Structures are given as structure tokens and as C-alpha cells.
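Written out below as C-alpha cells is the structure these notes cover.
Values below: every heavy atom of this structure, side chains too, minus hydrogens, waters and symmetry copies. Just so you know, these numbers come straight off a predicted model, no measurement behind them. Note that ligands are numbered from 1 as they come in the structure, with each ligand's atoms numbered from 1 the same way.
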Amino acid sequence: MSELLYEGKAKKMFTTDDPNVLRVEYKNDATAFNGKKKAVFPGKGKLNNAICTKIFHVLQEKNIPTHFIEKISDTEQLVKAVDIVPIEVVVRNVVAGSLAKRLGLDEGVSLGRTIIEFYYKSDELGDPMINSDHALAMKLATEEELAEIRRQASRVNDVLQTLFADAGILLVDFKLEFGKLKSTGEIVLADEISPDTCRLWDIKTHEKLDKDVFRRNIADLPETYEKLFNRLEAVQ
Ligand code: TMP
Ligand code: ASP
């Protein structure tokens, strides 16, 4: 028996016979600006599943705990069931997007140090930015869990900066979500890492290889994701 547990903007989650395992299906939908902009791109689900699988494999090789189990079809993965920590963790290496807007900084300027930001995961409120005091007061996570989330986010950044640099790509910023394993409570990286959730620029030309091509009407999304996929596949 497999039941739809949850449908998000870009993925569906289904139960499996094992209560500790879920099946994720990547959809062809793309949304931006909290769902205000929408489109369907045939092939997007397959590309994101392939790219995310590659990334999770690399993270697991570096002993970063994730919810990922295996890719089971073009558009599906098996993952460990978690309780999602309702915090979106954004890691930034280069100024872009909302950081540029909010602080009046120029996009493309390298930050002297990595910035980690927390957002309260709430579509209703439009994911407002919070700090650790808010997270603790709202009991979104404990102090130990927040420290672990920061530590893992920083390790993910180190590993992914290297992976993308090897493909000639600059990891500008990205969003992570963490969960607590239903089985043990351990904090693990969850959700997805894909061009939907990262900003990725060609190191030399700064050509965008992520969802900003859709958000800003710059280029064809599947063509862009395919280019990214091919560049990652070429990395050993
Ligand atoms: P931002 O500059 O719009 O705050 O986005 C920072 C990074 O987080 C960027 O790589 C895109 C990613 N992101 C998501 O994955 N989901 C979201 O809902 C938002 C707003 C950003
Ligand atoms: N993922 C969010 C949305 O669909 C925002 C974004 O990535 O721009 O609306």
C-alpha cells in the first residue's frame, strides 16, 4: 500500500510498507515567489531527481548524514522518514537574491565569510527570516539541534563548493532543510538539493545554471538544468 502523504510545490511524498521509509516523486512543476509564478516543464522532475541523487551520493561519501536511501526510477527516490524541522536554512557565499535587495549590496560580490540564515518554514507567512532566539522561543528546535544544523550546513557548504568548483561552477547560495529521523531522532539533511534550491553560476561567465533562469525569465529551464546535469556528470 502506498498513500500520498504530502504534495509540495515540486514533489510528492508517499508512504511505503515500511513506516521508516517514504517514496518521493519529483514533479515537472516549477514555482517561484511563494507559488505566485508557476509553470510545468516536461523533463524537470527527471533532471532534478538525477542532480539531487548525485549530490546526496557525494555528501554521503563525505559522511554527512542525509535522509537519502536510493533512486528507484527516473523521477523517484526512497528516503528515510523524518519529522521536518520547520526552519529553512540558507547558506550564502556570494551576494545575490534577497540578501542583495535587503542590504543594498551588489549581486556577485563575494562575501568575506559564509552567512547562514534561518527562515521560519510557513507558506502562510511567506517564510519570514528569524534568528536562533526566535527558533528557540518558538520551540522549532533545541539549542543542541540548532548547533548541529549549523555544523552540518557548514560541512555541506564545504563539500558542495568543491564539487561544483570541479565542474567550473560557483556555489553562490542554497537552501537546506533538516529532519529528525522517525527511527532515532538523529538530525539529518532532508528535502532536496537541486537547481531549484541553489544559485549556481558558471565560474568564468557567471551564466546562471539554476531556477533564477525561470524566476527572471532568462533562459529555458530544462535546457539549463540539463547543462548543469551534464557538467556534474563529467566530474569524477
Ligand atoms: P533568496 O536570495 O531568495 O533568499 O534565496 C536564497 C537561496 O535559497 C537561493 O539559492 C534559492 C533558495 N530558496 C529556496 O530554495 N526556496 C525558497 O523558497 C527561497 C525563497 C529560496
Ligand atoms: N520555492 C518557492 C516557491 O515556489 C520560492 C522560490 O524558490 O523562489 O514559490
**Study point:** Sub-4.0 Å atoms of ligand 1 with respect to non-hydrogen atoms of Gly97
**Key:** 2 (O)
**Study point:** Ring centroid separation Tyr225 to Phe41 under 6.0 Å
**Key:** no
Check your understanding: Does ligand 1 have a heavy atom under 4.0 Å from the side chain of Arg92, from its backbone, from both, or from neither?
Key -> side chain
Exercise for review: Check whether any N or O atom of Ser98, backbone or side chain, sits under 3.5 Å from an N or O atom of ligand 1, and answer yes or no.
Suggested key: yes
**Study point:** Protein heavy atom under 4.0 Å of atom 19 (C) of ligand 1
**Key:** no
Exercise for review: Taking all non-hydrogen atoms of both residues into account, name the closest pair between Ser2 and Thr15 and its distance.
Suggested key: OG-O, 3.1 Å
**Study point:** Pairing of Asp123 and Lys9 as salt bridge, 4.0 angstrom limit
**Key:** yes
**Study point:** Region of Glu107 engaging ligand 1 - heavy atom pairs below 4.0 Å
**Key:** neither
Exercise for review: List the closest protein heavy-atom neighbour of atom 8 (O) of ligand 1: residue, atom name, distance to the nearest 0.1 Å.
Suggested key: Lys175 CB, 3.6 Å
Point to revise | Verdict with supporting geometry, Asn217 and Lys37, side chain to side chain donor-acceptor pair (under 3.5 Å) | key: CA-CA 11 Å; Asn217 300 317; Lys37 181 170 177 171; 2.8 Å; yes
Study note, to complete from the structure: Residue, atom and distance of the protein heavy atom nearest atom 6 (C) of ligand 1 read Arg199 NH1, 3.6 Å
Review point. Any idea which residues sit under 4.0 Å from ligand 2, heavy-atom distances?
Key: Lys9, Thr31, Ala32, Phe33, Asn34, Gly35, Lys211, Arg215
Study note, to complete from the structure: Looking only at protein heavy atoms, what sits closest to atom 21 (C) of ligand 1 is Arg215 NH2, 4.6 Å
Exercise for review: Could you name each residue pair satisfying salt bridge (charged side-chain N to carboxylate O under 4.0 Å, His left out) that touches residues 46-57, not counting sequence neighbours?
Suggested key: Lys46-Asp74
Revision key, fill the gap. Correct closest heavy-atom pair for Gly126 and Asn34 would be CA-ND2, 3.7 Å
Practice item. Applying side chain to side chain donor-acceptor pair (under 3.5 Å), run through Thr197 and Glu192 and close with a yes or a no. Key: CA-CA 8 Å; Thr197 62; Glu192 68 179 279; 5.1 Å; no
Practice item. Identify, by atom number and element, the atoms of ligand 1 in contact range of Phe174, meaning under 4.0 Å from any of its heavy atoms. Key: 10 (O)
Exercise for review: Before accepting this row, confirm whether a basic side-chain N of the pair Asp212/Arg215 lies closer than 4.0 Å to the acidic partner's carboxylate O.
Suggested key: yes
**Study point:** Residue pairs involving residues 77-128 (criterion ring pair (Phe, Tyr, Trp, His ring centres under 6.0 Å); sequence neighbours excluded)
**Key:** none
Exercise for review: Provide the full list of ring pair (Phe, Tyr, Trp, His ring centres under 6.0 Å) pairs with a residue in residues 168-210, sequence neighbours left out, each pair given once.
Suggested key: Trp201-His206
Exercise for review: Could you tell me the residue and atom name of the protein heavy atom closest to atom 17 (C) of ligand 1, and the distance to it rounded to 0.1 Å?
Suggested key: Glu88 OE1, 4.1 Å
Review point. Do Asp173 and Arg199 sit within salt-bridge range, that is, some charged N less than 4.0 Å from a carboxylate O?
Key: yes
Point to revise | For atom 9 (C) of ligand 1, closest protein heavy-atom neighbour | key: Asp173 OD1, 3.1 Å
